[in-house]
Amino acid sequence: MQDHKIRTYIKDVLNNMPADWVDLTTHRLDIYDEVLAKIQFLDQFDILFNNNDSKTSSLRELPTAFDYIRLGHPLSCVLEWVIAKMYHQKAEQVISFSSMTMPIFAVLRKNLLEKKNTQIIHTGNLPEFFDEEIIKQVYGYIFEVKQIESISDISEFDGSILLISQQEDICNFDLIPNVDFFINTHPNLGSIIVTHGTQNEHYISEIQHVRRRESIAMTPANTLLALKQLVAQSSIDHTSTNTEKNKANVLAAIREITGTNIKALVGSSGLSIQYAIMMGLIHDAFEKHKGKDIKIIIPPNCYGGTNDQARRVAACSDAIEVMDLPVDGGQDMVQSIDIVLNQIAEEDAVPYIIVEIPTNPRVEVPDLLQLKEVLSKERKTKNDKTAIDPVFILDQTFCPNVHFLGEDAILSTVRTIAYVSGSKFPSGGQCTAGYCVANKKSEALMDNIKLHLRLCDNEATPLQMEILAKQLPSMNQRIYDAYLNTREFVNFISTTLPEAKINFVSEALAKDGFTPSVFSLDLPTKGTTEEEKEMYKRSLNLKLIHLMITEIPNASKFCVSYGQLKGCYWTIPATSTQGTTKEGDKDYIVRVALSPDLDLEHHKKVFLDFVKSI
């Protein structure tokens, strides 16, 4: 009876849900409480269920579940809620992934850190790309794999037991007492993990964090398919898409945009691609530089996902260490790189550098000729041997149109991998898929990166490829149009509020191709002490943002989007993109991102009203 009621209600929800539940990649921060992510959404969803209220207006008023859909979204929360209800579990115990292997990795990572054994049990075949030897050697995970005929063959084990089942009905679980984690996989949808028993509840946040940093949630489109299957109790109709043609078109577009002929790789998100790069390079170091330490060099204030992921990778191996690289707010990136590479050369370690150009959120570009020179410099170890040359890992999400890697490009002679978050300009905010490219100097590294992208099952989905195939050809024009809007808005603010400090590219850099459509705004402040000045500025940041989103609700949004097709997006890096960054390295400033299509005059008018109010 209860199951029938749930299915009937969910069917109504799917018929009435807001279009944003499928279409958005980032959500509003003004109705988002990170501490209560998913819980707040489901608490209120539960009330709607109890009142049998599935009206579109009611669903639209639910608070934001997660800030990024790669971490979770309304439909993934609903799917997890339904499964939990049907199997008498807590909703937080059920977590969906776009990847079939990353929930396994999440448990293995937790058990590695806790020095706990893991037994992976499966009844059918494991995914063909699940390479036990590489997972043990490169990731350091400790586990055993056991195939069984039926679940009655499961015996006692000193550690965690994972039961993996590949089946058409991904929502159908057979929960038994002596299994700790149940993972259902589906080759077209991804996977769902159920954390079983109170003794395993401390794994839940760790599994969520892997989804946040190294993978993505089951995509909204695929979650919708799973929910439709659940309510109809029928098999999934896999609408065929011209995947190979879309993939070929995407790769051709990336080749034209980047100017490099090395075949690109496309992942389910920017962080999925970054994780494949990291693990692929670590794999390469383990093979070619056995016994040598690996140093991941990263700006302490860069995007929180990048920073956090690097530190999470380092936490899993004594051979890997993260080193800070000051690059922003008065610090010179080139000088910092020179200093840290000299130090690593002395130690005869393997250097991997991750930076954003332009930097985020200060939008600074280093002297590229000096950068090339410093990265190309031959260094010596303390034993006077030639040091290992660095791999430069470039996040060029802010300016994916700039040619860094092609023949005769500025970094063509330096081992460089460049990547871009696809939820920004590549897709216009329509999907999260990201990509990476290499120059000829680093072409050999791409094989291992590809291997780990596949191993983690973090490749772009067919629908993501379809969206990129449609959006990429217009990307460079959208970038330029958005830049023109941004330049005009920046000039207006400079005139209207000259006391504010604006971080944006110079006209000269723009002529060289650096045409971002994001800038940061350090508002003027008041007060007698530094603390008073800081608190005043932080309140002023929020006052500006709330005025914008209140006065222009259809175009101005309080979220971390960038590269969208329409509108203007406002955020405070310290409380959004830098969420896991150390407090002292956070930027309590306003970051503004403009699209190619918005009412700029209206935004100017509201900003002028803000200036008059202070």
Side-chain angles (χ1 to χ4, degrees), residues 112 133-134 136-141 262 274-300 302 306-307 309-327 331-355 357 366-395 404-405 410-418 438-449 451-452:
L112 171 70
E133 185 178 349
I134 289 175
K136 288 178 176 177
Q137 289 181 355
V138 179
Y139 295 78
Y141 298 152
I262 309 304
Q274 182 186 286
Y275 191 55
I277 294 169
M278 288 274 46
M279 299 315 300
L281 293 182
I282 287 166
H283 190 168
D284 184 77
F286 284 172
E287 287 181 333
K288 295 179 179 151
H289 307 292
K290 288 181 180 177
K292 294 190 177 181
D293 289 339
I294 298 168
K295 308 290 185 181
I296 302 174
I297 308 152
I298 190 165
C302 77
T306 298
N307 207 311
Q309 187 192 98
R311 295 176 196 280
R312 287 166 55 78
V313 167
C316 293
S317 172
D318 292 337
I320 306 170
E321 180 189 1
V322 171
M323 298 181 68
D324 286 346
L325 181 74
V327 302
Q331 300 283 351
D332 183 81
M333 179 188 293
V334 174
Q335 187 178 38
S336 295
I337 288 175
D338 195 25
I339 292 168
V340 76
L341 285 180
N342 287 338
Q343 181 183 337
I344 292 170
E346 276 280 312
E347 299 175 22
D348 195 16
V350 183
Y352 296 140
I353 306 169
I354 308 176
V355 299
I357 299 178
D367 184 310
L368 296 179
L369 287 173
Q370 290 181 13
L371 176 65
K372 175 183 178 179
E373 183 181 334
V374 163
L375 292 171
S376 304
K377 186 188 297 184
E378 185 177 291
R379 293 174 172 83
K380 297 292 184 180
T381 69
K382 60 185 176 184
N383 296 324
D384 204 35
K385 293 183 179 179
T386 302
I388 299 163
D389 61 314
V391 176
F392 193 64
I393 307 160
L394 172 61
D395 180 351
F404 282 101
L405 307 185
I410 191 70
L411 295 179
S412 60
T413 59
V414 176
R415 288 203 297 170
T416 306
I417 305 287
N439 57 13
K440 283 189 176 180
K441 188 88 172 176
S442 53
E443 181 177 6
L445 298 170
M446 292 293 274
D447 286 341
N448 272 344
I449 296 171
L451 185 157
H452 286 272

TODO: Using a 4.5 Å cut-off on heavy atoms from C-beta on, say whether the side chain of Ile298 contacts that of Thr306.
DONE: yes

Task: Nearest heavy-atom neighbours spanning Met278 and Ile393 - done: CE-CD1, 4.4 Å

TODO: Decide yes or no on side-chain contact (heavy atoms from CB on, under 4.5 Å) for Ile388 and Lys288, but give the supporting numbers first.
DONE: CA-CA 11 Å; Ile388 299 163; Lys288 295 179 179 151; over 6 Å; no

Open item on the list: If the condition is salt bridge (charged side-chain N to carboxylate O under 4.0 Å, His left out), which residues does Asp338 pass it with, not counting sequence neighbours?
Closed with: Lys377, Arg379

TODO: Determine, step by step, whether Asp324 and Arg311 satisfy the salt bridge (Lys or Arg N to Asp or Glu O under 4.0 Å) criterion, reporting the C-alpha distance in whole Å, the side-chain angles of both residues, the deciding distance to 0.1 Å, and the verdict.
DONE: CA-CA 11 Å; Asp324 286 346; Arg311 295 176 196 280; 3.0 Å; yes

Task: Nearest atoms (heavy-atom pairs only) where Pro351 meets Ala349 - done: CD-O, 3.4 Å

Task: Reference residue Ile344; test side-chain contact (heavy atoms from CB on, under 4.5 Å); the match among Asn342, Asp348, Val340 - done: Val340

Open item on the list: Counting only heavy atoms from other residues, nucleotides and ligands, does the tally under 6.0 Å from CD of Glu287 exceed 12?
Closed with: yes

Open item on the list: I'd like to check Leu368 versus Pro366 (side-chain heavy atoms, cut-off strictly below 4.5 Å). Are they in contact?
Closed with: yes

Task: Gap separating the OG1 atom of Thr386 from the NZ atom of Lys380, nearest 0.5 angstrom - done: 3.5 Å

Task: Chi angles and distances behind the side-chain contact (heavy atoms from CB on, under 4.5 Å) call for Ile294, Phe286 - done: CA-CA 9 Å; Ile294 298 168; Phe286 284 172; 3.7 Å; yes

Open item on the list: Other residues, nucleotides and ligands only: do more than 12 of their heavy atoms fall within 6.0 Å of NZ on Lys440?
Closed with: no

TODO: Working to the nearest 0.5 Å, report the span between OH of Tyr275 and CD of Gln309.
DONE: 7.0 Å

Task: Separation of Leu341 CG from Leu375 CG (nearest 0.5 Å) - done: 6.5 Å

TODO: Determine the interplanar angle of the His283 and His452 rings, folded into 0 to 90°, and report it as parallel if under 30°, tilted if 30 to 60°, perpendicular if over 60°.
DONE: perpendicular

Open item on the list: Working note: Ile277 + Tyr352, criterion side-chain contact (heavy atoms from CB on, under 4.5 Å); need CA distance, chi angles, decisive distance, verdict.
Closed with: CA-CA 10 Å; Ile277 294 169; Tyr352 296 140; over 6 Å; no

- [ ] Look at the side chain of Asp389 and the backbone N and O of Glu378, then say whether any donor-acceptor pair between them is shorter than 3.5 Å.
- [x] no

Task: Interatomic distance, Leu371 atom CG to Ile353 atom CD1 [nearest 0.5 angstrom] - done: 8.0 Å

Task: Between CG on residue Leu411 and CG on residue Leu394, distance to nearest 0.5 Å - done: 7.0 Å

Task: Nearest non-hydrogen partners of Val414 and Lys441, listed with the distance - done: C-CG, 4.0 Å

Open item on the list: Please determine whether side-chain contact (heavy atoms from CB on, under 4.5 Å) holds for the pair Leu281 and Asn448, giving the CA-CA distance in whole Å, both sets of side-chain angles, and the decisive distance to 0.1 Å.
Closed with: CA-CA 7 Å; Leu281 293 182; Asn448 272 344; over 6 Å; no

Open item on the list: The criterion is salt bridge (charged side-chain N to carboxylate O under 4.0 Å, His left out); which residues satisfy it with Glu133, sequence neighbours excluded?
Closed with: none

Task: Polar side-chain atom of Asn439 near backbone of Ser442 as donor-acceptor pair, under 3.5 Å - done: yes

Open item on the list: Quick check: do Thr413 and Lys372 have side-chain heavy atoms less than 4.5 Å from each other?
Closed with: yes

TODO: First locate atom CD1 of Ile296, then atom CG of Leu325, and finally report the distance between them rounded to the nearest 0.5 Å.
DONE: 13.0 Å

Task: Minimum heavy-atom distance Pro326-Pro300, with the two atoms named - done: N-CD, 4.3 Å

- [ ] Would you indicate whether Asp318, at its atom CG, is surrounded by more than 12 heavy atoms from other residues, nucleotides or ligands within a distance under 6.0 Å?
- [x] no

- [ ] Could you check if a side-chain atom of Tyr139 sits within less than 4.5 angstrom of a side-chain atom of Ile282, using non-hydrogen atoms only?
- [x] no

- [ ] Using the test salt bridge (charged side-chain N to carboxylate O under 4.0 Å, His left out), find all partners of Glu347 that sit at least two apart in sequence or belong to another chain.
- [x] Lys295

